[in-house]
Structures are given as C-alpha cells and as structure tokens.
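Comments concern the structure below.
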Amino acid sequence: MSSLHKSRIADFQDVLKEPSIALEKLRELSFSGIPCEGGLRCLCWKILLNYLPLERASWTSILAKQRELYAQFLREMIIQPGIAKANMGVSREDVTFEDHPLNPNPDSRWNTYFKDNEVLLQIDKDVRRLCPDISFFQRATDYPCLLILDPQNEFETLRKRVEQTTLKSQTVARNRSGVTNQEQNIKPQFFAFRWLTLLLSQEFLLPDVIRIWDSLFADDSRFDFLLLVCCAMLMLIREQLLEGDFTVNMRLLQDYPITDVCQILQKAKELQDSK
Amino acid sequence: MAETYDFLFKFLVIGSAGTGKSCLLHQFIENKFKQDSNHTIGVEFGSRVVNVGGKTVKLQIWDTAGQERFRSVTRSYYRGAAGALLVYDITSRETYNSLAAWLTDARTLASPNIVVILCGNKKDLDPEREVTFLEASRFAQENELMFLETSALTGENVEEAFLKCARTILNKIDSGELDPERMGSGIQYGDASLRQLRQESTCSPRPASCPRP
C-alpha cells in the first residue's frame, strides 16, 4: 500500500474517531473517494446519507435499534406456516379442516408463503445476475430486505426522484453549452433519464459507480453534483457528438465510451469550481 | 463511412414489462439472444439497415420501457413513429389483456396511421402457453394489425416481424397512402434517394440550373 493511500486512510480515521463528526471535513474527504479498507466506505456513506447522526456515542444504540426493527419486520412479514405448531412439539397435524400446503384457497397462509417465495426467488435471481463477477452478489441471503420489497415505498421514492430529476434535466438542457445538435432533436430524456434516475449506475462498471457515488453522496445539496457529472460526460464527447448523426450519437450516449471516471469527475469538479 | 439508404423509418417496440421487447431488438440487431436482460429504463435505441423489396431502409428502433411506472416518460418517445412492434408474452394472459391500452397509446400518440405488427413472443415456451394463436389472430384482425408469433430466444420470426412491418410501410408509400413528406410521418429520405432526386433534377433539360465549369 502506498504511503499516500495510508495517509488518506489515516485522515478518514482521524475524522471518524471524533466524538462529534465534522461533517464538512468528512464531505471534503469523501468527495475525492473513500478507501475500501476497514469498512470505511460503509460507515462514511451511513453518515453522509443521514442514516447515522454525527454524535458517535449514539451509533451503537441506533444501529441496535434499526437491526431490531428489521428483525421485527421479518417476524411479522415472513410467514412460515406450520412453524408455530412445530415449535410446540406437534409433529403431524390433522389438515382436514386446517390450512395445508395444497390448499387452493387464496386466503391460505401456505398460499401466501409460496407466493412470497416466488418473489424472493426472483429477487435472488436479479441480485445474482446484477454483477455475476462480484462475489458480494453471489452470497446467499436469508431474508429479503422488506423496504425493497414494499412496492408502495419503492414507487414513491422513484416517482419523487423522477419528478425532481426531470425538472433538473431541463436545466441541464439549458446549460448544455450547445453540445447536442438541435437539428437531430436528441432530447435529454432519451439518455439523461436513465443517467439521473439510476445515479449513473448503468453507465459504468460497479467499482467505478461506487467511486462516483462517493462524490455524489458528499454533495451537501444532494445530487447537484450529479448534474455536473452528466454535463461533464457530454462535454468530454462533444467533438464526437457534433460529428455523429442521431443513431451514432444515441449509441454513444447509451453506451458511454469513456471508462475513466476520474477524468469525468475531474471535469465535473472544474465545472463546479467555475460556477 | 456513411451508410446509404433510401428511407429511414422510426419504429417503436411497445408492450408490457417482461414480454421480451429488448431481447427482440437485440436478436434483430446482434443475431443473438440477450441473456440477463435488465429492465429498460426509459428507452434504448438500436438501428439496422435492411433490404426490403429492392430498397434499402434504415430502421431506427426505439425500444421502450414496459413497466407501468415509466408510462408517462415512454409516451414522450412515441411521436412521429412510422411503425411499431406491439409485443405480448404468449405465456402471460395479463400482458395480452393490456394490448388494447398499448394500441390506443400508439395510435393517439404516434400517429393514427402507424403500421403495427402484433408479436406473440416466447413462442419457444409453448407448454406454458396461456394465449392461443387463434385468439390473438382474431384480436389482430379486429384491430387491423399484422400478426406473428416470435421467439427472441431462437430467433424465429424476429427478422420477419421487422421486415413485414417495413414492407407494409413501403407499400403504403408506393400506393400514396403514406406521405413521407408529411410532418411526423416517421419517414425520412436517406442519402440514396436524395442523390437520386438530385440526379433527376440535374439530368432534366434545364441547362440554366446546371452551372458549367
């Protein structure tokens, strides 16, 4: 490990060991990327995303409370029919009148159980194929994360984000410094919709996405920097865009050619500094 | 090198989530089945130049997101489309039941004259079929759609679906039923036809318009 990297880790550790975290300092450090070592990134993200408060002393109790809440959700929501009886020592039950695995009744707890399991299997499949090369996604999971499972919740978050980002993408369009060709009528919603709603997660490899998110989460006005990153992405391929026709340009924008995210982040930082 | 073509058609691929729209597009463009396909967010594009009835046609294909939550944004992609593949999954009655709504969207938002081909995808999963061929072809007939059952997995009828749609549009141009010059027709002349038009005008007996060296 280089001495520079070691000293960066030390910088993070210094900030994180204070009784009350200096948020500005943490943001500044995180903006340039968080080291992967020693669980630094997950701790920093929790603080940057307001999951943990700035007072160190309360972390243990808050985390314990959140984990208990999660366990409680699981107990309430994951129905395992027959478990209660099995726990009472009843090994065989008379299913003539009661619920049983072959019960076709839609109210059957067994029926719900099987349906839930279908969803869980689908989630498991989706997670595994998300990034097959990264071991994290291949690990077996015991339970679903209920917040992700709750469709209402997911929809509402997404809807709000889309609403905000669509408004913002109009700003991008205005400030685009003539990157795209009006004649071709390439509208930001053709490509920027995905960029903004998924925080660029489909445009780059996962480790690079995580690096970009370090900077995005460090942004105090939450995601203003995202717009600058998108602008930087357009400006860096400006020459190609001016030469290409609609088809070529759309391919460029949906299959972004530059893989060096540091170059992109640097350009975005320049834009931020010149504001 | 720039491609030359006679016409450019804007095509849509629409239909419910998980019916295989992106896989159909991928199969048509790459000649391969797309494993591990993700949900489409917003829209994705593909293009291919095909030969139809002696004409070269560039298909500019807009593959839209099928999920309901993207409906408001996908609608904004419809404008000025000349043709559409309306896709359902033969193993899911639910996707078949929503066809009427998709069709209404296409005809009101793209153009009432949009040429639509109905594609019953996942033909390879015949044992799990929930929609019969007969039933779907009746729906197609009632709504003046062309109809094919396709398989993005094996490639069966995929190329045919796109070509059939393109051929019908060309026929309508020939018969005068569709006017490429009309705004929002979803049809543009390509370089090849423009050159031909130019040649015709240079060869016309109007020496005044031909500058001499």
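Throughout, a chain's letter reflects where its sequence line sits, starting with A, and its residues are numbered from 1. Basis for what follows: all heavy atoms, side chains included, without hydrogens, waters or symmetry-related copies.
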Less than 4.5 Å to any heavy atom of chain B: does that hold for the side chain of Arg194(A), its backbone, both, or neither? both

Under 4.5 Å from any heavy atom of chain B - which part of Asp245(A): side chain

Side-chain heavy-atom pair [X], [Y] within 4.5 angstrom cut-off:
{"X": "Val43(B)", "Y": "Gln189(A)", "result": "no"}
{"X": "Gln60(B)", "Y": "Met250(A)", "result": "no"}
{"X": "Phe45(B)", "Y": "Gln254(A)", "result": "yes"}

Drop me the distance from [X]'s [atom1] to [Y]'s [atom2], to the nearest 0.5 angstrom.
{"X": "Ile41(B)", "Y": "Thr197(A)", "atom1": "CD1", "atom2": "OG1", "result": "6.0 Å"}
{"X": "Thr74(B)", "Y": "Phe193(A)", "atom1": "OG1", "atom2": "CZ", "result": "8.5 Å"}
{"X": "Glu44(B)", "Y": "Phe191(A)", "atom1": "CD", "atom2": "CZ", "result": "14.5 Å"}
{"X": "Leu59(B)", "Y": "Thr247(A)", "atom1": "CG", "atom2": "OG1", "result": "10.5 Å"}

Pull out the residues in residues 14-29 of chain B that come under 4.5 Å of chain A, heavy atom to heavy atom, sorted by number. none

Which of residues 92-105 of chain B get closer than 4.5 angstrom to chain A, counting heavy atoms alone? none

Heavy-atom contact with chain A under 4.5 Å, split by part of Thr64(B): neither

Could you tell me whether Gln266(A) atom CD has more than 12 heavy atoms of other residues or ligands within 6.0 Å of it? no

Return yes when atom NZ of Lys46(A) has more than 12 non-hydrogen atoms of other residues, nucleotides or ligands closer than 6.0 Å, and no otherwise. yes

I'd like to verify something: which residue of Ser47(B), Gly42(B), Ser76(B) has the highest number of heavy-atom pairs under 4.5 Å with chain A? Ser47(B)

